[in-house]
> 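I am attaching a structure below and will ask some questions about it afterwards.
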Amino acid sequence: TTAAATAAQKESAMARGALLAAESRATALEEALRDVGGTAAARAKHASILQADAMSQIESLSAKLSQYERDLQESRQAEVAAREAAKAAAAALDAQQRRAKEDLEERGRRHEDALSACRDAERSAAESMAARRLAEAAAAAAAAAA
(Lines give C-alpha, C1' and ligand atoms only; values in the text may rest on other atoms or scores of the structure.)
Protein backbone atom coordinates (compact mmCIF):
# COMPACT_ATOMS: atom_id res chain seq x y z
CA THR A 1 0.00 0.00 0.00
CA THR A 2 2.91 2.34 0.70
CA ALA A 3 4.30 1.60 -2.78
CA ALA A 4 0.90 2.30 -4.30
CA ALA A 5 0.71 5.58 -2.36
CA THR A 6 4.18 6.57 -3.58
CA ALA A 7 3.26 5.69 -7.16
CA ALA A 8 0.04 7.67 -6.87
CA GLN A 9 2.00 10.66 -5.52
CA LYS A 10 4.46 10.46 -8.42
CA GLU A 11 1.65 10.25 -10.96
CA SER A 12 -0.11 13.15 -9.25
CA ALA A 13 3.05 15.26 -9.46
CA MET A 14 3.48 14.31 -13.15
CA ALA A 15 -0.12 15.25 -13.85
CA ARG A 16 0.35 18.60 -12.13
CA GLY A 17 3.48 19.21 -14.21
CA ALA A 18 1.65 18.31 -17.42
CA LEU A 19 -1.20 20.61 -16.42
CA LEU A 20 1.20 23.49 -15.84
CA ALA A 21 2.93 22.74 -19.13
CA ALA A 22 -0.39 22.76 -20.99
CA GLU A 23 -1.38 26.06 -19.41
CA SER A 24 2.03 27.50 -20.26
CA ARG A 25 1.73 26.25 -23.84
CA ALA A 26 -1.72 27.79 -24.17
CA THR A 27 -0.36 31.10 -22.91
CA ALA A 28 2.61 30.91 -25.28
CA LEU A 29 0.32 30.10 -28.19
CA GLU A 30 -1.92 33.03 -27.39
CA GLU A 31 1.12 35.31 -27.27
CA ALA A 32 2.42 33.87 -30.53
CA LEU A 33 -0.92 34.53 -32.17
CA ARG A 34 -0.75 38.17 -31.17
CA ASP A 35 2.64 38.43 -32.87
CA VAL A 36 1.61 36.61 -36.04
CA GLY A 37 0.33 38.74 -38.88
CA GLY A 38 -3.02 38.14 -40.50
CA THR A 39 -6.52 39.24 -40.22
CA ALA A 40 -8.19 39.70 -36.88
CA ALA A 41 -10.78 37.07 -37.76
CA ALA A 42 -8.15 34.47 -38.65
CA ARG A 43 -6.26 35.22 -35.47
CA ALA A 44 -9.42 34.97 -33.39
CA LYS A 45 -10.41 31.67 -35.04
CA HIS A 46 -6.93 30.23 -34.54
CA ALA A 47 -6.86 31.43 -30.93
CA SER A 48 -10.27 29.91 -30.34
CA ILE A 49 -9.12 26.56 -31.71
CA LEU A 50 -5.94 26.64 -29.63
CA GLN A 51 -7.83 27.74 -26.57
CA ALA A 52 -10.37 24.92 -27.01
CA ASP A 53 -7.52 22.44 -27.42
CA ALA A 54 -5.74 23.77 -24.35
CA MET A 55 -8.97 23.71 -22.33
CA SER A 56 -9.60 20.12 -23.41
CA GLN A 57 -6.11 19.13 -22.32
CA ILE A 58 -6.51 21.00 -19.05
CA GLU A 59 -9.80 19.27 -18.33
CA SER A 60 -8.30 15.87 -19.17
CA LEU A 61 -5.27 16.46 -16.99
CA SER A 62 -7.46 17.85 -14.23
CA ALA A 63 -9.59 14.70 -14.31
CA LYS A 64 -6.45 12.53 -14.19
CA LEU A 65 -5.08 14.56 -11.29
CA SER A 66 -8.36 14.18 -9.40
CA GLN A 67 -8.33 10.43 -9.99
CA TYR A 68 -4.71 10.15 -8.82
CA GLU A 69 -5.56 12.11 -5.68
CA ARG A 70 -8.58 9.84 -5.00
CA ASP A 71 -6.39 6.77 -5.55
CA LEU A 72 -3.78 8.18 -3.19
CA GLN A 73 -6.44 8.85 -0.53
CA GLU A 74 -7.83 5.31 -0.91
CA SER A 75 -4.32 3.90 -0.67
CA ARG A 76 -3.68 5.84 2.54
CA GLN A 77 -6.99 4.68 4.00
CA ALA A 78 -6.16 1.07 3.10
CA GLU A 79 -2.76 1.44 4.75
CA VAL A 80 -4.36 2.81 7.94
CA ALA A 81 -6.92 -0.01 7.92
CA ALA A 82 -4.14 -2.57 7.47
CA ARG A 83 -2.21 -1.10 10.42
CA GLU A 84 -5.34 -1.17 12.58
CA ALA A 85 -6.05 -4.77 11.58
CA ALA A 86 -2.47 -5.73 12.45
CA LYS A 87 -2.80 -4.04 15.86
CA ALA A 88 -6.09 -5.83 16.50
CA ALA A 89 -4.58 -9.17 15.49
CA ALA A 90 -1.58 -8.58 17.78
CA ALA A 91 -3.90 -7.66 20.67
CA ALA A 92 -6.00 -10.78 20.06
CA LEU A 93 -2.86 -12.93 19.98
CA ASP A 94 -1.60 -11.36 23.22
CA ALA A 95 -4.96 -12.01 24.89
CA GLN A 96 -4.97 -15.60 23.67
CA GLN A 97 -1.44 -16.16 24.95
CA ARG A 98 -2.33 -14.58 28.30
CA ARG A 99 -5.39 -16.86 28.63
CA ALA A 100 -3.32 -19.92 27.71
CA LYS A 101 -0.70 -18.99 30.32
CA GLU A 102 -3.36 -18.47 32.99
CA ASP A 103 -4.98 -21.80 32.07
CA LEU A 104 -1.63 -23.56 32.29
CA GLU A 105 -0.94 -21.98 35.69
CA GLU A 106 -4.40 -23.05 36.93
CA ARG A 107 -3.80 -26.61 35.71
CA GLY A 108 -0.45 -26.59 37.51
CA ARG A 109 -2.13 -25.48 40.75
CA ARG A 110 -4.79 -28.21 40.42
CA HIS A 111 -2.08 -30.79 39.75
CA GLU A 112 -0.17 -29.70 42.85
CA ASP A 113 -3.40 -29.87 44.90
CA ALA A 114 -4.10 -33.39 43.59
CA LEU A 115 -0.54 -34.49 44.41
CA SER A 116 -0.89 -33.08 47.92
CA ALA A 117 -4.19 -34.92 48.39
CA CYS A 118 -2.57 -38.16 47.21
CA ARG A 119 0.30 -37.72 49.68
CA ASP A 120 -2.19 -37.03 52.48
CA ALA A 121 -4.15 -40.17 51.52
CA GLU A 122 -0.95 -42.24 51.45
CA ARG A 123 0.06 -40.89 54.87
CA SER A 124 -3.42 -41.58 56.26
CA ALA A 125 -3.38 -45.13 54.83
CA ALA A 126 0.07 -45.76 56.32
CA GLU A 127 -1.11 -44.47 59.70
CA SER A 128 -4.22 -46.68 59.50
CA MET A 129 -2.09 -49.72 58.64
CA ALA A 130 0.26 -48.96 61.53
CA ALA A 131 -2.71 -48.55 63.92
CA ARG A 132 -4.21 -51.84 62.67
CA ARG A 133 -0.95 -53.71 63.14
CA LEU A 134 -0.62 -52.20 66.61
CA ALA A 135 -4.19 -53.26 67.43
CA GLU A 136 -3.52 -56.77 66.08
CA ALA A 137 -0.31 -56.97 68.12
CA ALA A 138 -2.16 -55.73 71.21
CA ALA A 139 -4.93 -58.30 70.64
CA ALA A 140 -2.36 -61.03 70.17
CA ALA A 141 -0.56 -59.94 73.35
CA ALA A 142 -3.86 -59.84 75.26
CA ALA A 143 -4.75 -63.31 73.96
CA ALA A 144 -1.33 -64.64 74.95
CA ALA A 145 -1.61 -63.08 78.38
CA ALA A 146 -5.03 -64.59 78.98
Side-chain angles (χ1 to χ4, degrees), residues 1-140:
T1 5
T2 305
T6 303
Q9 286 176 335
K10 287 181 183 177
E11 289 179 11
S12 177
M14 288 174 41
R16 281 192 193 101
L19 181 61
L20 289 173
E23 289 174 343
S24 175
R25 194 171 87 198
T27 302
L29 289 173
E30 287 175 356
E31 290 174 3
L33 280 177
R34 284 187 219 116
D35 295 340
V36 172
T39 64
R43 277 188 258 156
K45 183 177 179 183
H46 196 126
S48 174
I49 292 170
L50 290 175
Q51 185 178 15
D53 182 50
M55 290 304 291
S56 173
Q57 287 181 3
I58 289 169
E59 287 173 7
S60 173
L61 291 172
S62 237
K64 285 182 182 178
L65 178 60
S66 294
Q67 182 60 46
Y68 291 144
E69 288 172 347
R70 282 191 299 273
D71 291 347
L72 177 61
Q73 183 63 28
E74 288 174 6
S75 174
R76 287 179 179 158
Q77 289 172 347
E79 187 175 351
V80 167
R83 275 193 216 118
E84 289 173 2
K87 286 179 187 176
L93 181 59
D94 287 346
Q96 184 180 14
Q97 287 175 338
R98 188 175 47 255
R99 284 190 302 271
K101 180 181 176 187
E102 290 168 358
D103 183 48
L104 186 60
E105 288 171 351
E106 178 60 27
R107 286 182 185 190
R109 282 190 291 273
R110 285 194 305 242
H111 181 72
E112 288 298 322
D113 291 346
L115 282 176
S116 178
C118 284
R119 286 186 197 116
D120 290 346
E122 284 177 352
R123 195 172 24 258
S124 177
E127 289 171 358
S128 290
M129 290 283 265
R132 184 175 173 198
R133 286 189 195 126
L134 187 60
E136 287 174 354

> Taking the basic N atoms (NZ, or NE/NH1/NH2) and the acidic carboxylate oxygens, is any pair closer than 4.0 Å for R110 and D113?
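No.
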
> For R119, check salt bridge (charged side-chain N to carboxylate O under 4.0 Å, His left out) against everything at least two apart and list the hits.
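Counting only residues at least two positions away or on another chain, R119 forms no salt bridge (charged side-chain N to carboxylate O under 4.0 Å, His left out).
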
> So, taking the atom named CG in L65 and the one named CD1 in I58, what distance separates them when rounded to the nearest 0.5 Å?
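The CD1 atom of I58 is 12.5 Å from CG of L65, to the nearest 0.5 Å.
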
> So, using salt bridge (charged side-chain N to carboxylate O under 4.0 Å, His left out) as the criterion, who are the partners of R132 when residues are at least two apart?
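By the salt bridge (charged side-chain N to carboxylate O under 4.0 Å, His left out) rule, R132 matches E136.
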
> Would R99 and D103 pass as an ion pair if we require N to O under 4.0 Å?
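Salt bridge flag = no for D103 with R99.
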
> List for me each residue that meets side chain to side chain donor-acceptor pair (under 3.5 Å) alongside R98, sequence neighbours excluded, and say none if there are none.
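Listed in chain order: nothing, the list is empty.
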
> Check step by step if side-chain hydrogen bond (donor to acceptor under 3.5 Å, both in side chains) holds for R70 and Q73.
CA-CA 5 Å; R70 282 191 299 273; Q73 183 63 28; over 6 Å; no

> What is the distance from atom OG of S66 to atom CG of L61, rounded to the nearest 0.5 Å?
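The OG atom of S66 sits 11.0 Å away from the CG atom of L61.
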
> Between E23 and L20, does a side-chain contact (heavy atoms from CB on, under 4.5 Å) hold up when you go through it step by step?
CA-CA 5 Å; E23 289 174 343; L20 289 173; 3.8 Å; yes

> Enumerate the residue pairs fulfilling salt bridge (charged side-chain N to carboxylate O under 4.0 Å, His left out) with a member in residues 84-96, sequence neighbours excluded, ordered by first and then second residue.
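Every candidate salt bridge (charged side-chain N to carboxylate O under 4.0 Å, His left out) pair involving residues 84-96 fails, so no pair, neighbours aside, qualifies.
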
> Just to verify, what does E79 make a salt bridge (charged side-chain N to carboxylate O under 4.0 Å, His left out) with, not counting sequence neighbours?
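Once residues adjacent in sequence are excluded, the partners of E79 under the salt bridge (charged side-chain N to carboxylate O under 4.0 Å, His left out) criterion are R83.
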
> Of Q51, Q57, M55, which is the lone residue that meets side chain to side chain contact (heavy atoms under 4.5 Å, CB included) with D53?
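That would be Q57.
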
> May I ask you to decide whether E112 forms a salt bridge with R109, counting only side-chain N to carboxylate O separations under 4.0 Å?
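No, E112 and R109 are not salt-bridged.
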
> To the closest 0.5 Å, what do you measure between CG (D71) and CZ (R76)?
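Result: 12.0 Å between the selected atoms.
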
> How far apart are the C-alpha atoms of E69 and R16, what are their side-chain angles, what is the distance that settles it, and do they pass the side-chain contact (heavy atoms from CB on, under 4.5 Å) test?
CA-CA 11 Å; E69 288 172 347; R16 281 192 193 101; 3.0 Å; yes

> State which residues pass salt bridge (charged side-chain N to carboxylate O under 4.0 Å, His left out) with R133; sequence neighbours excluded, sorted by chain then number.
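None.
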
